[in-house]
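What follows is one structure encoded as C-alpha cells, with my remarks underneath.
What you are looking at is a predicted structure, and each value in this text was computed from that prediction instead of being measured. Naming convention: chains lettered A, B, ... in sequence-line order (proteins, then strands); numbering from 1 in each chain.
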Amino acid sequence: MAELIRLTNIVKIYQVGDEQVHALDGITLQIRKNEYVAIMGPSGSGKSTMMNIIGCLDTPTSGLYELNGMNVSDMDDNELARVRNKEIGFVFQTFNLLPRSNVLHNVELPLIYAGMPAEERRERAKEAIARVGLTERMHHKPNELSGGQRQRVAIARALVTHPSILLADEPTGNLDSKTGEEIMALFDALHKEGNTIILVTHEEDIASHAHRIIKLRDGKIEGDFPSRKRPTPSPATVS
Amino acid sequence: MVTINELQEGFRIALQSIWANRMRSALTTLGIVIGIVSVTLMGTALEGLSRAFDKSIAQIGADVLYVQKWPWGGGQDWWKYRNRRDLRIEHANAIERSAELVASLSPIIGTSQDIKYQGKYIEDVIVVGTTHTMIETNPANLAIGRFFSRSESEGGRPVCVIGSEIASSLFPNESPLEKVIKIGGYAYRVVGVFEKQGSLFGGESLDKRIYVPINRFFTQYQSRRGGITIMVKAKSLDLLDDTKEEVRGILRRARGLKPRDEDDFSINQQEMIIQIFNQIGGVIAIIGLFITGLSLFVGGIGIMNIMFVSVTERTKEIGIRKAIGAPRRAILLQFLIESSLICFLGGIIGIAIAFPLSLIVDQILPTAMPLTIVGIALSLSLLVGLLSGIIPAYRASKLDPVEALRYE
Ligand SMILES: Nc1ncnc2c1ncn2[C@@H]1O[C@H](COP(=O)(O)OP(=O)(O)OP(=O)(O)O)[C@@H](O)[C@H]1O
Ligand SMILES: [Mg+2]
C-alpha cells in the first residue's frame with residue numbers, strides 16, 4: 001500500500017528559559033495508507049508533540065515531513081491551514097467543540113472553511129453525523145450531550161472532509177472505559193472502511209485495537225512493532 | 001480570497017458574540033454613540049443655519065446697502081458707535097439729491113406697538129416707518145392692494161400696508177382692504193397686504209410687520225426725527241463698491257466731516273452677514289468636530305480594548321477553528337466584522353438618539369437632519385470599528401494553534 005506519511009529525522013526543541021527541551025529528538029518513520037497505529041509512551045515522551053506535527057498544527061525545528069508526497073515542512077501558515085482542512089481530521093481528548101454552536105454547525109465547520117456551498121455542506125455534515133449515530137441530536141448544543149456523544153461529534157467533524165488521516169490524541173482519555181470501548185469500536189469500523197488512523201493512548205487495552213504500536217521515550221522511538229492481538233506486518237519489517 | 005462562507009460565518013459569530021455580551025457591547029459603544037449624536041446634530045444645526053441664511057440673504061438683497069449708526073457684527077467699540085450722531089431724513093435726502101449710482105433709496109425706522117381691530121389685539125408688532133420707494137428698494141410682492149403712494153408718503157397720510165400674518169389674525173373672514181385699524185392707539189387705513197415672507201435669520205417674522213409713511217411715524221410714535229436706517233439700492237450689483245464710495249462721500253459732506261475725521265456712520269451690506277454666518281457656522285463646526293473626534297477616538301479605544309478581551313476569551317475557539325483549517329484571513333475577518341458591527345450598531349443608536357434631538361433643534365432653527373450626514377455618520381462609525389478592530393483581529397489571526405488550543 002502507498003506511503004502516506006514520511007518523517008525524516010524530525011526534531012522539535014522548546015526553549016524554556018535557558019534550557020532547551022528536546023520534545024522530539026530525531027524521529028524517522030513511515031506510515032502507509034489504511035494503517036491503524038497507536039502511539040504509546042510515558043508522560044512527556046513527545047506523543048502530543050509528534051501528533052501536532054503530523055497534524056500540521058505545529059512545525060518541526062528541523063527534519064523533513066512529507067505528507068502524500070507534499071513537503072509540509074516548507075509550507076507557510078495558509079498552506080498549512082489548507083492541509084489541515086483537506087488532509088487531516090483531528091480528534092482531541094477534550095473534544096474541542098464550539099460550545100455555542102449546535103452539532104450540525106460544529107460538524108459543518110471544516111466544510112465552511114473549505115468553501116463548500118451551503119446545501120452540499122449540509123448533506124455532507126448530515127452524512128457524517130449519521131455515520132457516528134447522532135442524527136437524533138443534530139440540533140443539540142454540546143453541553144446537552146454526554147462525553148461519549150461529544151466525542152462522536154468530534155469524530156464526525158474530523159470525518160466530514162474525507163481526510164487522508166484521522167489523528168486522535170488520547171480520544172478516550174476523558175471517557176469511562178465502557179464509553180471508551182464504544183469510541184474504539186467506531187475507530188475500528190472507520191479503519192475497516194479504509195481510513196488511516198493514528199491515535200495516542202496510555203492504555204494497553206486501547207492500543208490493542210491498533211495494528212501497529214509505536215513506543216516513544218524522551219522524544220525518540222523506543223519500539224515500533226505489530227500489535228500482539230492483531231498482528232499485521234509493519235512497514236519496517238516489509239520494506 | 002475571502003469566500004462567501006467565511007463572510008457568512010464571520011457575521012454569524014459576530015452577531016452571536018455581540019448578542020451573548022449585549023450589555024458589554026452596548027456600554028462599549030457609548031463613545032461611538034456620543035460621537036455620532038454630536039456629528040449628526042452638528043450637521044443638522046449647520047443645515048439649519050445655511051437654510052436660514054439662504055432665505056434671509058435673498059430677502060435682504062445683495063445689491064442693497066444699509067447706512068446705519070452701527071456696523072453689523074463688529075461690537076467691540078460699543079461706546080464709540082453709541083455716541084455717533086443719528087442718521088436723519090436730511091441725510092437720506094442728500095443722497096437722493098446727488099447720488100448717481102443709486103437706483104432707489106428708502107429711510108426706515110421701527111418701533112413696537114400694539115394693534116387693535118374690532119376687539120382683536122396683537123401685541124408688540126413691528127411698525128416700520130418708510131417712504132413709498134420702499135417697494136422698489138426692497139422688492140416684496142403684495143398679495144392684495146397696493147403700497148402707499150408718493151403723495152400719501154409725503155403727506156404723512158394714515159395709511160398702512162400689513163404683513164400676511166397680521167392680515168390673517170385680524171381679518172380671518174373678510175378683506176382687510178379699506179378697513180381701519182388702531183396702531184398704538186392711532187387709526188390707519190389698510191391699503192395693501194404683503195405675501196407670506198417668513199422670517200429673517202430665524203428671528204422675528206417678516207409677516208408680522210406693518211409699514212406706515214415715515215412722516216406719520218414721526219408725528220405719532222417718535223417726535224425726534226432721527227435714528228433712521230437708510231436703505232440704498234445700487235443701480236447694478238457690479239457697481240456696489242462704487243455706489244458705497246459715492247454714498248460715503250455724500251454723507252461725509254452732509255455731516256460736515258473733515259478729511260481726517262473717521263466716518264461716523266456705517267455702510268453695511270450682505271457680505272458682512274455672510275461673514276458673521278460663516279463665523280457662527282465655523283464655531284459650531286469646530287465644537288462639533290472636536291466633540292465628535294474626541295468621542296470617536298475614546299470610543300474607538302474602548303472598542304479596541306473590548307476586542308482584545310473578546311480575542312482573549314475566545315482563544316480556545318480560535319485554536320479550534322485553526323485546527324480544522326480556518327485560514328488566518330478568516331479569523332481576521334471574524335473579529336473585524338465583530339468590531340465593525342459593534343460600532344455600526346453604535347452609529348445606528350446614535351442616529352436614533354439624534355433624530356428626536358434634531359426635531360428640537362428644528363423648533364429653534366428650521367432644519368432637518370440631512371441624509372448625507374446620516375450616511376457620513378454611519379460610514380464613520382464603520383470606519384472607527386474597522387480601525388479599532390485591526391490590531392486585536394491581527395493578533396487573533398496570528399495565534400499559534402497549539403498554544404491557542406491549550407488555553408483554558
Ligand atoms: N509549548 C511548550 N513549551 C515548552 N515545552 C513543551 C511545550 N510543549 C511540550 N513541551 C515539552 O515537550 C515534552 C513533550 O511533551 P508532549 O506534550 O509531547 O508529551 P506527551 O507525550 O504528549 O505527554 P502526555 O502523555 O502527558 O500528554 C515535554 O517535556 C513537555 O514539557
Ligand atoms: Mg499529550
Side-chain angles (χ1 to χ4, degrees), chain A residues 12 14 23 48-53 55-59 76-102 105-121 141-142 154 156-161 163 167 169, chain B residues 1-22 24-25 310-338 341 393-408:
Chain A
K12 180 75 187 180
Y14 289 109
S48 293
T49 307
M50 189 164 107
M51 287 294 265
N52 290 340
I53 286 174
C56 295
L57 284 172
D58 210 348
T59 45
D76 67 20
D77 262 23
N78 277 328
E79 290 169 314
L80 286 177
R82 243 186 115 64
V83 173
R84 285 200 291 273
N85 188 252
K86 295 240 167 315
E87 310 285 345
I88 313 278
F90 224 119
V91 177
F92 303 92
Q93 180 176 354
T94 52
F95 323 130
N96 284 342
L97 301 173
L98 296 186
R100 284 201 208 114
S101 301
N102 64 19
H105 189 250
N106 264 292
V107 175
E108 258 186 316
L109 208 54
L111 300 178
I112 287 177
Y113 292 120
M116 187 179 283
E119 232 166 89
E120 194 183 346
R121 193 168 84 204
K141 298 268 171 68
R157 182 179 65 187
L159 282 176
V160 78
T161 56
L167 297 175
D169 193 348
Chain B
M1 258 295 291
V2 171
T3 66
I4 293 171
N5 277 353
E6 286 166 17
L7 265 177
Q8 279 175 346
E9 180 69 8
F11 271 102
R12 201 193 131 95
I13 310 161
L15 289 172
Q16 210 172 47
S17 152
I18 291 171
W19 182 246
N21 303 302
R22 47 195 174 275
R24 185 172 90 184
S25 309
S310 184
V311 169
T312 307
E313 281 175 352
R314 281 148 70 198
T315 303
K316 180 103 176 180
E317 177 196 319
I318 296 166
I320 296 171
R321 288 179 188 276
K322 288 198 150 194
I324 60 171
R328 261 190 202 173
R329 57 159 195 272
I331 306 293
L332 189 82
L333 192 72
Q334 152 182 356
F335 285 98
L336 281 183
I337 290 175
E338 182 173 336
L341 267 185
Y394 182 73
R395 187 180 280 187
S397 76
K398 291 280 275 185
L399 281 178
D400 178 69
V402 178
E403 271 169 33
L405 276 172
R406 206 180 286 148
Y407 185 88
E408 286 302 333

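- Within the 4.5 angstrom heavy-atom criterion, atoms from both the backbone and the side chain of A:Asn96 approach chain B.
- When each of B:Glu403, B:Arg328, B:Arg12 is scored by its heavy-atom pairs under 4.5 Å with chain A, the top score falls to B:Arg12.
- Distance NE2/A:His105 to CG/A:Leu97: 12.5 Å, rounded to 0.5 Å.
- For B:Tyr407 against B:Lys316, the heavy-atom pair with the smallest separation is O-CD, 3.2 Å.
- In this structure, no portion of A:Leu80 lies under 4.5 Å from any heavy atom of chain B.
- Of the residues listed (B:Arg22, B:Gln334, B:Glu338), the one engaging B:Ser17 in a side-chain hydrogen bond (donor to acceptor under 3.5 Å, both in side chains) is B:Glu338, and it is the only one.
- Contacts of A:Leu111 with chain B are made by backbone atoms alone, with heavy-atom separations under 4.5 Å and no side-chain atom involved.
- Closest of all the heavy-atom pairs between A:Ala118 and A:Glu108 is O-OE2, 4.5 Å.
- Contacts between A:Thr94 and chain B at a heavy-atom distance below 4.5 Å involve the side chain alone, from C-beta outward.
- In this structure, B:Glu313 pairs ionically with B:Arg24, as a charged nitrogen and a carboxylate oxygen lie closer than 4.0 Å.
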